[in-house]
Trainee: 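Supplied in structure tokens, the structure appears directly below.
Throughout, a chain's letter reflects where its sequence line sits, starting with A, and its residues are numbered from 1.
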Protein chains: 2
Amino acid sequence: MVSIKQVAKQAGVSFKTVSRVVNNDPNVREETRARVQEAIAALNYRPNRAARMMRNQQSGVIGFISDEVVTQPYAGDLLIGAQEVASQHDKVLMVVNIENDRIGRQRAIDMLLERRVEALVYASYYHKEVQVPQEMLQVPSVLVNCYAENETLTTFIPDEVQAGYDATRLLLEQGHKRIGHITLNPDIIAAVKRLEGYREALAEAGIAYDPQLIVQGESRFDEAGDSASVEKAVAELLKLTHQPTAFVCGKDEFAMQAYFEFAKRGLQVGRDIAVTSFDNQRMIAPGLSPGLTTMALPHFEMGQAAMNSIFNQGDDMVTRLIPFSVIERQSHLLKN
Amino acid sequence: MVSIKQVAKQAGVSFKTVSRVVNNDPNVREETRARVQEAIAALNYRPNRAARMMRNQQSGVIGFISDEVVTQPYAGDLLIGAQEVASQHDKVLMVVNIENDRIGRQRAIDMLLERRVEALVYASYYHKEVQVPQEMLQVPSVLVNCYAENETLTTFIPDEVQAGYDATRLLLEQGHKRIGHITLNPDIIAAVKRLEGYREALAEAGIAYDPQLIVQGESRFDEAGDSASVEKAVAELLKLTHQPTAFVCGKDEFAMQAYFEFAKRGLQVGRDIAVTSFDNQRMIAPGLSPGLTTMALPHFEMGQAAMNSIFNQGDDMVTRLIPFSVIERQSHLLKN
DNA sequence: CCATTTATTGACAACGTTGTCAAATACTAG
DNA sequence: CTAGTATTTGACAACGTTGTCAATAAATGG
């Protein structure tokens, strides 16, 4: 690899002069500058960031520890959002994926700290509680899509309550009074919070909460994607004497399966029954017919917000709720 | 940040001795080693990789340029596969996402080369042709999920022909003779190659190719997820006098929509009609009923293979096809 | 043309490491 | 106890940069 000294030799100047040219120092005679630039081009010189960093003690790198983020559909948007902001500040991300300790979390953090990352982002692939390793505190750090028991770090999490509220309100606004809710596994925070939002919306509309309308869409030990639970859930809700006319589904997969269950019974979403859901899986929601109205997780926004908070060290140690976006398609409407 | 010299002072030795302890040099008296280790722990010292790198001219970093890989569902597995192998060799990935030049490709490559990455992986989110920037050739590089016009780089791409062949053969093995194929947009390489595989499988089985059985599932300018095209495609195929008894769907979304079309007509997958598909979208395929038999893109394997080829510089400038995995669920079977 | 001032350039140290080699210390045998 | 050897330690240079400051060259004014 060619260094600044070789360029200097080629241009017939001291290496310090080359440094000046590289850094756009105005105190260089034009003629010299041109000569140096020529040499730089000729030798295809590229400054060495590691050496530069050693002088000014800045790595320009931000560590991004992802707890399976990238394997999850669209959660990669979190990465993209973070990168976008980082790159505006001339920083790069060093991404380490720690999947169930395949590479231990400890090792990841050590690696990143040895590389003198200027900050750390710890992102989880679904909203959950995590243990924050002590070492993270040595460097500005934020948590995304997860939170720590002892609120030691700035945290960005999706506003599940709002999402549950909005998903329900969309249906209330259409005049529905009996709204079924097929919930996620209650071990998941999202399940609990969204239900909370659902109840808030009902309360606001002056509708009594009826526990019969809440059915779990996945058994605690379900394999991902097992459709039997949703089948049962829909059956149960439709068996009620006072049938629901609308459904809030815990995720788009549930909605998809519910569509099938409705179809079996000759019910049609958009005519006989209204549906809202969560996640905006781009592979599912737009492809259903009618298109599924669903609450999109603010992955991109959380990534941006997290990174912004790193650069604006003013506000610290807060937990910020990032709102979901309402993706309105047609499934929440009934046309007749 | 604490440096080796401060540790040395604390332990009352020269900084070179600390260096030896850090690097597990056996030529250190046990007593001294203990003293140094104590100081290291006390000061929470961590070696500076950038400085280390400057000496031995190795950054330990591999650049991963992703052309929207992480936004694509499960394509993030590519990253994971790559990281797994990299980390076995004690390297880290520096990931830069270049989405339609939001951060220019040029800037990404400059950044990575300034950081003296030891190699570059260029990954595209769907199998397509790319222009390889000249600079990539300065460093060992591989292409993943995309290929260059002038085959200048080692390339790893999914074996679309095999996938098409397997998806078709699964159905042929069940005795189907009339197999419909709903294809992707023909601008996409996958569409063309999978059809090729389909034809190979038919030919092998001694069944004549019937162009009437091939229908495009998305118009050239379709928005992602528009379901109208599949609706029409299925209708067209079922209208044929000599109806198909099995369908090869271009992707899992098509299959999902086809399931709905069949349901509308009282046809049931697994009883009246058999289906195979591509992608193994974990949000869709297992949740359909019956579970969708589909060909999983070898993202993880491509990531691994790409990284392995970087470390085994023996074989160069080859194009390697990585096979899809056949994910057998029930949709290709008919039980009666 | 000389004395100043100003613009341009270069020598050198430093950043935190590791490699080379020499110095110091500890151990062994006679 | 001494010489000789083996072990342990440290001084110094180097990696590729940038900051500090001094040295040189060019420009200005009288």
Trainee: Would you classify B/Asn27 as touching base, sugar-phosphate or nothing, given that sugar-phosphate means primed atoms plus P, OP1 and OP2, and contacts are heavy atoms under 4.0 Å?
Mentor: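 Base, at least one base atom sits under 4.0 Å.
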Trainee: Kindly indicate, with the supporting measurements, whether the criterion side-chain contact (heavy atoms from CB on, under 4.5 Å) is fulfilled by B/His127 and B/Cys146.
Mentor: CA-CA 5 Å; B/His127 186 175; B/Cys146 56; 6.0 Å; no
Trainee: Once the angle between the rings of A/His89 and A/Phe311 is folded into 0 to 90°, is it parallel (under 30°), tilted (30 to 60°) or perpendicular (over 60°)?
Mentor: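 Rings of A/His89 and A/Phe311: parallel, as their planes differ by under 30°.
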Trainee: List the atom of A/Ala306, the atom of A/Phe156, and the distance in Å for their closest heavy-atom pair.
Mentor: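 Shortest heavy-atom contact: CA-CE1, 3.6 Å.
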Trainee: Does D/dT9 have OP1 or OP2 under 4.0 Å away from a side-chain N or O of B/Arg29?
Mentor: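 For D/dT9, OP1 or OP2 has a side-chain N or O of B/Arg29 closer than 4.0 Å.
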Trainee: Would you say B/Thr32 places a side-chain N or O within less than 4.0 Å of OP1 or OP2 belonging to D/dT9?
Mentor: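 Result: yes.
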Trainee: Is it true that A/Lys128 and A/Asp67 make a salt bridge, defined as a side-chain N closer than 4.0 Å to a carboxylate O?
Mentor: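 Judged by the 4.0 Å cut-off on N to carboxylate O distance, A/Lys128 and A/Asp67 do form a salt bridge.
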Trainee: Identify whether any heavy atom of A/Asn56 sits under 4.0 Å from a base atom; if not, whether one sits that close to sugar-phosphate; answer base, sugar-phosphate or nothing.
Mentor: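 Answer is nothing: A/Asn56 stays at 4.0 Å or more from every strand.
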Trainee: Tell me what A/Arg49 touches on the nucleic acid: a base, only sugar-phosphate, or nothing, going by heavy atoms under 4.0 Å.
Mentor: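 No contact.
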Trainee: Starting from the 5' end of DNA chain C, give me the residue, A/Phe15 or A/Val28, whose nearest nucleotide shows up first.
Mentor: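 First, find each residue's nearest nucleotide; the 5'-ward one identifies A/Val28.
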Trainee: Indicate whether the side chain of B/Ser124 and that of B/Asn145 have a donor and an acceptor atom separated by less than 3.5 Å.
Mentor: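 No, because no side-chain N or O of B/Ser124 sits under 3.5 Å from a partner of the opposite role on B/Asn145.
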Trainee: Measuring from B/Gln304:CD to B/Ile322:CD1, what's the distance to the nearest 0.5 Å?
Mentor: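 The distance works out to 9.5 Å.
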Trainee: Can you pull out how bent the helix from C/dC1-D/dG30 to C/dG30-D/dC1 is, comparing the axes over its first five and last five pairs, to 10°?
Mentor: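 One end axis against the other gives 40°.
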Trainee: Base, sugar-phosphate, or nothing for B/Ser19, non-hydrogen atoms under 4.0 angstrom?
Mentor: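 Base contact.
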Trainee: If you assign each of A/Val13 and B/Lys5 to its closest nucleotide in DNA chain C, which residue comes earlier from the 5' end?
Mentor: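 Going by which nucleotide is closer to the 5' end, it is A/Val13.
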Trainee: Where does the chain A footprint on DNA chain C start and end, counting 5' to 3' with a 4.0 Å heavy-atom cut-off?
Mentor: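 Footprint of chain A along DNA chain C, 5' to 3': C/dT8 to C/dG16.
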Trainee: Using every non-hydrogen atom in the two residues, find where B/Val36 and B/Val7 come nearest and quote the distance to one decimal.
Mentor: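 Answer, listing the atom of B/Val36 first, then B/Val7: O-CG1, 4.3 Å.
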Trainee: Evaluate the criterion side-chain contact (heavy atoms from CB on, under 4.5 Å) for residue pair A/Gln83 and B/Val96; output intermediate values, then yes/no.
Mentor: CA-CA 8 Å; A/Gln83 188 198 274; B/Val96 186; 4.0 Å; yes
Trainee: Is there a donor in the side chain of B/Gln138 and an acceptor in the side chain of A/Asn44, or the other way round, less than 3.5 Å apart?
Mentor: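 Side-chain D/A pair, B/Gln138 to A/Asn44: present.
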Trainee: With sugar-phosphate meaning primed atoms plus P, OP1 and OP2, does B/Arg46 contact a base, only sugar-phosphate, or nothing at under 4.0 Å between heavy atoms?
Mentor: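 Here B/Arg46 touches the backbone only, sparing every base.
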